[in-house]
**Q** 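Next up is a structure, given as structure tokens.
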Amino acid sequence: MNERPAPHPLKQRLGGRNLYLVGMMASGKSSTGRPLAEQLSYGFVDTDAVIEQLAGQPIPKIFSEEGEEGFRAMESQVLNAIGQRHSLVVATGGGMVSKPENWGVLHQGIVIWLNPGREELLRRLHADSGNRPLLQTEDPEAAFDCLFAERLPLYAEADLHVEVGVEEPDEIALKIIEFLPQLLSPPVQMNG
């Protein structure tokens, strides 16, 4: 019989707080979020997947029909709904940080910025032919640089900044678990 492993000791200290992974497109939020959730016995949610499911169409189609504003409005609604739940690792869309109202929800949990750096992100984006609506321009690299510069100060507001390189998602998840206790206040000792 397959026994479930005991939950990670950190799970109790987190007290059900959601972990929100933020970062540029291709920073590895979804691929890191799954093993992180598994390690902590948390649920895993990818906001982009939820939006596609609710809209019944892929994100590029939502962008073409609703524009970026329409997409961002849906994204905020999905985040608000997710924020009502607890014990989740949430992979957010790259632009989630760009709407100030989203930070109210994000800061109820712990915000973790995955930052592979510009060169690694560009390498990943060139390797992944995924349809990135905001990069469908004459000069995708210039569009990327513009977004990156715009979002960098926003990502910097995260509670935890994790530099990532070519590590496997499991290794990045373990790195996050290693850093998390520093963000949590030590358990309170009650003297009777």
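A quick note: this is a predicted structure, and the numbers were derived from the prediction, not measured.
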**Q** Identify the two heavy atoms, one from V111 and one from A158, that lie closest to each other, and give their separation to 0.1 Å.
**A** O-CB, 3.5 Å
**Q** Closest approach of H8 and Q39, non-hydrogen atoms and distance?
**A** CB-O, 3.3 Å
**Q** When you check the gap from the basic side-chain N to the acidic O, do R72 and E69 get nearer than 4.0 Å?
**A** no
**Q** Look at atom CD of E167 and say whether more than 12 heavy atoms of other residues, nucleotides or ligands are closer to it than 6.0 Å.
**A** yes
**Q** Hey, does V105 have a side-chain heavy atom less than 4.5 Å from the side chain of N102?
**A** no
**Q** Quick check: does any side chain N or O of K11 sit under 3.5 Å from a backbone N or O of S41, one acting as donor and the other as acceptor?
**A** yes
**Q** V97 vs T92, test: side chain to side chain contact (heavy atoms under 4.5 Å, CB included). Steps then yes/no.
**A** CA-CA 9 Å; V97 296; T92 65; 5.8 Å; no
**Q** R17 side chain to L14 main-chain N or O, any donor-acceptor pair under 3.5 Å?
**A** yes
**Q** What is the distance from atom CG of D170 to atom OG of S31, rounded to the nearest 0.5 Å?
**A** 9.5 Å
**Q** Applying ring pair (Phe, Tyr, Trp, His ring centres under 6.0 Å), name anything that partners F71, two or more places apart in sequence or on another chain.
**A** F63
**Q** Applying the 4.5 Å side-chain criterion to the ILVMFWY set and letting contacts propagate, would V164 and L160 be lumped into a single cluster?
**A** yes
**Q** Contact between T32 and I112 at the side-chain level, heavy atoms closer than 4.5 Å - yes or no?
**A** no
**Q** According to a 4.5 Å side-chain heavy-atom criterion applied to Ile, Leu, Val, Met, Phe, Trp and Tyr, with indirect links allowed, do L174 and I172 form part of one hydrophobic cluster?
**A** no
**Q** Hey, are the side chains of H161 and N115 touching, using non-hydrogen atoms and a 4.5 Å cut-off?
**A** yes
**Q** Work out which heavy atom in D159 is nearest to a heavy atom in L183; give both atom names and the distance.
**A** O-CD2, 3.4 Å
**Q** Before you tell me yes or no, could you show the steps for Q108 and H86 under side chain to side chain contact (heavy atoms under 4.5 Å, CB included), namely the whole-Å CA-CA distance, both residues' side-chain angles and the distance that decides it to 0.1 Å?
**A** CA-CA 10 Å; Q108 289 170 15; H86 64 84; over 6 Å; no
**Q** Indicate yes or no: at least one non-hydrogen side-chain atom of V78 is less than 4.5 angstrom from one of V45.
**A** no
**Q** Check whether any side-chain N or O of N18 sits under 3.5 Å from a backbone N or O of L88 as a donor-acceptor pair, and report yes or no.
**A** yes
**Q** Considering all heavy atoms of both residues, which atom of R118 and which atom of F144 are nearest to each other, and what is their separation?
**A** CG-CE2, 4.0 Å
**Q** Please tabulate, one pair per line, all N/O donor-acceptor pairs under 3.5 Å involving side-chain atoms of residues 47-62, not counting sequence neighbours.
**A**
residue	atom	partner	partner atom	Å
T47	OG1	A91	O	3.3
T47	OG1	G93	N	3.2
E52	OE2	I59	N	3.0
Q57	NE2	E65	OE1	3.4
K61	NZ	E65	OE2	2.8

**Q** Between atom CZ of F44 and atom CG of L21, what is the distance when rounded to the nearest 0.5 Å?
**A** 7.5 Å
**Q** Roughly how far apart are R13 CZ and L40 CG, rounded to 0.5 Å?
**A** 12.5 Å
**Q** Test salt bridge (Lys or Arg N to Asp or Glu O under 4.0 Å) on R123 and E120; report intermediate values, then the result.
**A** CA-CA 5 Å; R123 189 193 67 71; E120 177 63 15; 2.7 Å; yes
**Q** Taking the side chain from R124 and the backbone from S27, do they hold a donor-acceptor pair closer than 3.5 Å?
**A** yes
**Q** Any sub-3.5 Å donor-acceptor pair from K29's side-chain atoms to L114's backbone N or O?
**A** no
**Q** Side-chain contact test, heavy atoms from C-beta onward, threshold under 4.5 Å: evaluate it for M96 versus L79 and give yes or no.
**A** yes
**Q** Using only atom types and a distance under 3.5 Å, with no angle test, would you say the side chain of Y20 pairs donor to acceptor with the backbone of V90?
**A** no
**Q** Examine distances only and state if a side-chain atom of R85 and a backbone atom of A81 form a donor-acceptor pair shorter than 3.5 Å.
**A** no
**Q** To check you understand the geometry: which heavy-atom pair defines the closest contact between W103 and L154, and what is its length?
**A** CZ2-O, 3.3 Å
**Q** With the side chain counted from C-beta on, respond yes when P169 and R34 share a heavy-atom pair under 4.5 Å apart, and no when they do not.
**A** no
**Q** Find the distance between CD1 (I176) and CG (L10) and round it off to the nearest 0.5 Å.
**A** 11.5 Å
